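From a predicted model like this one, the values you see are computed outputs, not experimental measurements. Both counts, for ligands and for their atoms, begin at 1 and track the order of listing.
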Amino acid sequence: MVQTQKLFVYVFYACFLLSNLPTYSWGRRLFEKEGPNYAVKTIKTEYGDIYDCIDFYKQPAFNHALLKNHTFHPSTRSNSKPKMAGKNTNSLTKNDMFLDMIRFKGESCPSGTVPIRRVNKYDPDSRFPEHNVSGTVFALGQTKNDPSKKYYGANGVLSAWNPQVKPNQYTSAEIILRGGTDSIIAGWTVNPAKYGDTQTRFFIYANANNKLCFDSECGFVVTRPDTPLNFILSPLSNITGPIYTYPVFVYQDAKDGNYYLQVSSRNIELGFWPQNIFAGMKNGASYAGCGGEVYSQDTVKPIDAPVMGAGTYPDIYPDKKNFAFCKFSVVDDSHNVVVPTDIEKFTNNPEYNAVVTNQDHGKVIYYGGPFPVNV
Ligand SMILES: *[C@@H]1O[C@H](CO)[C@@H](O)[C@H](O)[C@H]1NC(C)=O
Ligand SMILES: *[C@@H]1O[C@H](CO)[C@@H](O)[C@H](O)[C@H]1NC(C)=O
Ligand SMILES: *[C@@H]1O[C@H](CO)[C@@H](O)[C@H](O)[C@H]1NC(C)=O
């Protein structure tokens with residue numbers, strides 16, 4: 001009897017040990033999701049995004065091999081901004097009210113630290129195949145190919161929408177700078193595979209010397225403690241309601257050569273891409289564009305063609321209110337912000353279209369799709 005009791009105790013103890021094994025590994029996974037232990041503070045947004053406040057010098061950008069000996073510091077700012085040629089007055093853009101939306105609403109990371117969005121290490125880490133592979137569709141206005149021209153920046157006032165896409169698709173509105181194989185993209189996107197939801201978020205993407213990166217994952221140095229990258233845009237435009245716009249500006253500083261990123265009409269500088277991570281864009285870009293991009297592994301209509309912009313196809317609808325648009329300007333080789341004269345439309349799929357117009361003291365590019373099924 002005593003023997004049986006002893007055996008029972010041993011078996012019970014063994015079961016206890018075994019049952020704890022999965023708990024230990026589960027516990028470790030939970031810990032990994034808790035973010036780096038050097039986070040100084042954690043900010044959770046109303047949308048459930050978690051940002052860790054990380055010492056400026058420990059941010060992901062500085063893992064980049066070419067930034068090992070950098071001399072940047074928390075107060076590194078652009079010191080030679082391009083000049084706006086004339087006042088940027090227009091009727092399409094009234095957006096100052098969004099300033100508080102993109103910030104942490106009064107909260108901030110402590111000075112000397114920057115907010116880095118916590119990503120679950122099991123999340124997919126890359127966008128779908130980079131540009132110009134089958135399945136990537138553009139409908140935009142772009143500069144004409146002219147080897148004598150240089151662009152030191154692109155400025156797009158983007159109307160913001162919430163096009164719905166499937167888990168294996170994304171849809172974006174963006175400005176693009178390109179030189180050689182390098183490019184910088186900035187704008188808004190709905191990208192469930194990347195961000196795990198269908199919100200309209202601000203995003204940046206760069207191809208620098210064949211290193212392809214989203215957001216702060218490599219190379220982009222965050223400097224603002226109170227404004228997160230990937231902020232969720234709100235309010236958004238809809239077909240019947242008002243149109244809301246968000247300005248995005250990327251330019252190369254004439255003095256230090258870094259590419260600075262600025263959002264909102266209040267010129268909020270979020271950070272910069274250091275000049276030395278680039279190969280083909282060390283001294284300006286040779287191409288600038290603005291408009292829509294969608295990706296799908298399948299574009300069978302109407303089931304799988306992703307919605308671009310407002311989902312309306314320019315040229316069919318007489319009322320321009322129904323379109324997504326980009327009010328576009330570029331930085332010329334005198335480092336002035338100017339209305340580009342040589343903009344052509346580009347689209348690589350007939351389901352999507354762009355129309356370039358002269359309007360509102362500038363170039364306005366309307367774009368969208370897919371082509372409606374019953375027309
Ligand atoms: C950083 O500095 C070290 C020592 O001076 C040098 O060997 C290395 O090449 C430098 N790295 C970069 C990326 O400049
Ligand atoms: C895509 O690649 C083709 C050739 O492969 C080229 O003609 C075209 O200009 C490229 N389009 C873009 C948007 O880069
Ligand atoms: C469009 O936006 C307006 C104002 O924000 C809202 O009242 C309306 O319900 C929206 N319509 C649709 C179709 O979402």
query: Protein heavy-atom contact under 4.0 Å for atom 2 (O) of ligand 1?
result: yes
message: Is the distance from the ring center of Phe220 to that of Trp273 below 6.0 Å?
response: yes
Nearest neighbour in protein (non-hydrogen) for atom 13 (C) of ligand 1: Ala65 O, 3.6 Å
task: Using protein heavy atoms only, decide if any is under 4.0 Å from atom 5 (O) of ligand 1.
output: no
task: Please confirm whether Phe138 and Tyr367 have ring centers closer than 6.0 angstrom.
output: no
query: Strictly under 6.0 Å, is that where the ring centroids of Phe371 and Tyr352 end up?
result: no
message: Within the protein, is there a heavy atom lying under 4.0 Å from atom 10 (C) of ligand 1?
response: yes
- prompt: For the ring pair Phe56 and His73, is the centre-to-centre distance below 6.0 Å?
  reply: no
task: Would you confirm whether the ring centroid of Phe278 sits within less than 6.0 angstrom of the ring centroid of Tyr259?
output: yes
- prompt: Under 3.5 Å between some N or O of ligand 1 and some N or O of Asn69?
  reply: yes
